[in-house]
Trainee: 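Below you will find the structure I want to go over with you.
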Amino acid sequence: IAAVIVEPVPANMGLVLPQPGFLEGLRAITEQNQALLIFDEVITGFRACYGGYQNLIDITPDLTTLGKIIGGGLPVGAYGGRREIMSRVAPAGDVYQAGTLSGNPLAMAAGSMTLEILREDPHLYAHLAENTQNFAEKIRQEAQKYHVPVVVNQFASLLTIFFTEKEQVNQYADVLTVDGEKFRQFHQNLLNCGVYFPPSPFEVAFLSAAHTPDDINATLSTISVAFERLHELSSGGDL
């Protein structure tokens with residue numbers, strides 16, 4: 001096994017938080033077997049702190065991949081890691097790599113400004129996390145009010161609403177219990193009210209610094225209406 005590639009906080013099957021000791025175990029196993037540990041931080045990078053999730057757990061992967069968040073949302077990707085590995089990449093080494101938009105001036109300018117803002121605002125991450133935590137808790141309350149079984153996983157500015165009878169969603173097997181039809185109805189109700197939620201039950205929703213309290217409250221009101229409609233449907237109502 002040459003490498004283990006993992007999202008430190010899985011977010012492409014919905015948001016599923018890693019169990020205690022899992023990532024530490026991967027680091028230990030890869031080191032013992034001289035395999036690379038690669039963190040895919042395209043989603044988690046710079047969303048929980050200035051840097052990646054690895055900064056919060058004090059685990060250093062051999063390579064890290066990052067995505068468009070470092071470009072202010074513009075198309076850009078980056079990877080980095082140990083000098084021993086990076087020195088193999090052309091032009092310094094024998095591993096060729098190139099891209100059509102490598103070093104695109106617009107993306108680099110947007111990225112530089114984004115990173116500067118994130119670095120200089122000491123309250124931004126705490127503010128985002130607090131807003132998202134409150135948002136997630138209010139979603140749970142609205143779901144309970146209308147007897148709609150959901151699990152809302154939240155971390156930093158990320159969250160996912162799982163339509164499931166499970167009490168917790170901690171692994172892929174739990175994710176597979178999601179009721180896709182209920183999510184479809186939920187998404188359509190939000191869309192009808194002008195709220196464009198992630199269109200897949202396995203995508204993560206993001207809060208950003210641009211979202212105002214009014215935006216969040218309006219979204220919550222719409223979610224409440226969507227839950228009410230789901231409750232009516234489960235009770236024998238019509239679409």
Side-chain angles (χ1 to χ4, degrees), residues 1-18 22-23 26-27 30 35-121 124-125 128-129 132 153 155-160 172 175 196-211:
I1 297 174
V4 174
I5 306 174
V6 62
E7 287 184 293
V9 179
N12 278 290
M13 57 179 177
L15 183 67
V16 179
L17 299 178
F22 174 70
L23 294 172
L26 284 183
R27 178 70 284 182
T30 49
L36 299 181
L37 177 61
I38 302 175
F39 274 5
D40 172 355
E41 298 232 41
V42 168
I43 289 179
T44 53
F46 290 90
R47 281 201 167 90
C49 66
Y50 190 77
Y53 183 72
Q54 60 196 262
N55 291 5
L56 298 178
I57 57 174
D58 197 26
I59 293 177
T60 303
D62 299 296
L63 286 170
T64 300
T65 62
L66 296 165
K68 55 188 173 291
I69 192 168
I70 62 169
L74 290 172
V76 62
Y79 64 93
R82 293 192 285 112
R83 182 182 298 275
E84 172 191 352
I85 300 170
M86 297 302 293
S87 64
R88 296 291 303 274
V89 180
D94 57 347
V95 178
Y96 181 74
Q97 74 92 41
T100 303
L101 295 175
S102 292
N104 177 268
L106 177 60
M108 294 302 97
S112 178
M113 180 56 67
T114 298
L115 297 181
E116 182 178 331
I117 291 170
L118 293 176
R119 184 175 58 247
E120 293 183 353
D121 188 342
L124 186 144
Y125 284 108
L128 270 176
T132 311
N153 282 357
F155 168 73
S157 58
L158 316 174
L159 67 85
T160 298
Y172 186 56
V175 172
Y196 184 48
F197 214 67
S200 163
F202 310 117
E203 285 191 56
V204 174
F206 308 90
L207 259 70
S208 79
H211 288 124

Trainee: Report the distance from atom CG of Asn153 to atom CG of Leu15, rounding to the nearest 0.5 Å.
Mentor: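 Reported to 0.5 Å precision, the distance equals 5.5 Å.
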
Trainee: Hey, which of Leu128, Thr132, Val204 is the one that makes side chain to side chain contact (heavy atoms under 4.5 Å, CB included) with Leu158?
Mentor: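 Of the listed residues Leu128, Thr132, Val204, the side chain to side chain contact (heavy atoms under 4.5 Å, CB included) partner of Leu158 is Val204.
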
Trainee: So does Leu26 get a backbone contact from the side chain of Thr30, meaning a donor-acceptor N/O pair under 3.5 Å?
Mentor: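 Yes, the answer is positive, given that a donor and an acceptor are paired below the 3.5 Å cut-off.
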
Trainee: So which heavy atom on Ala11 is nearest to which on Glu7, and how close?
Mentor: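 Heavy-atom minimum between the residues: N-OE1, 3.1 Å.
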
Trainee: Taking atom CZ of Phe39 and atom CD1 of Ile59, what is their separation to the nearest 0.5 Å?
Mentor: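 It comes to 5.0 Å.
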
Trainee: Report the residue from Thr44, Thr60, Thr64 that forms a side chain to side chain donor-acceptor pair (under 3.5 Å) with Gln54.
Mentor: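 Checked Thr44, Thr60, Thr64 against Gln54; only one passes side chain to side chain donor-acceptor pair (under 3.5 Å): Thr64.
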
Trainee: For Cys49, does its backbone N or O pair with a side-chain atom of Tyr125 as donor and acceptor, under 3.5 Å?
Mentor: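 Yes; at least one donor-acceptor contact below 3.5 Å.
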
Trainee: When you look at OH of Tyr50, are more than 12 heavy atoms from neighbouring residues, nucleotides or ligands closer to it than 6.0 Å?
Mentor: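 Yes, the 6.0 Å shell around OH holds more than 12 heavy atoms from other groups.
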
Trainee: Mind checking what makes salt bridge (charged side-chain N to carboxylate O under 4.0 Å, His left out) contact with Arg88, not counting sequence neighbours?
Mentor: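 Per chain and number, Arg88 pairs via salt bridge (charged side-chain N to carboxylate O under 4.0 Å, His left out) with Asp94.
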
Trainee: Taking salt bridge (charged side-chain N to carboxylate O under 4.0 Å, His left out) as the test, write out the residues that go with Glu84, two or more places apart.
Mentor: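 Counting only residues at least two positions away or on another chain, Glu84 forms a salt bridge (charged side-chain N to carboxylate O under 4.0 Å, His left out) with Arg82.
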
Trainee: Spell out, as yes or no, whether a donor-acceptor pair under 3.5 Å connects the side chain of Asp62 to the backbone of Ile38.
Mentor: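 No, the answer is negative, given that no donor and acceptor are paired below the 3.5 Å cut-off.
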
Trainee: Look at the side chain of Glu41 and the backbone N and O of Pro8, then say whether any donor-acceptor pair between them is shorter than 3.5 Å.
Mentor: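 Not at all, since once roles are kept as given, no pair shorter than 3.5 Å links the two residues.
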
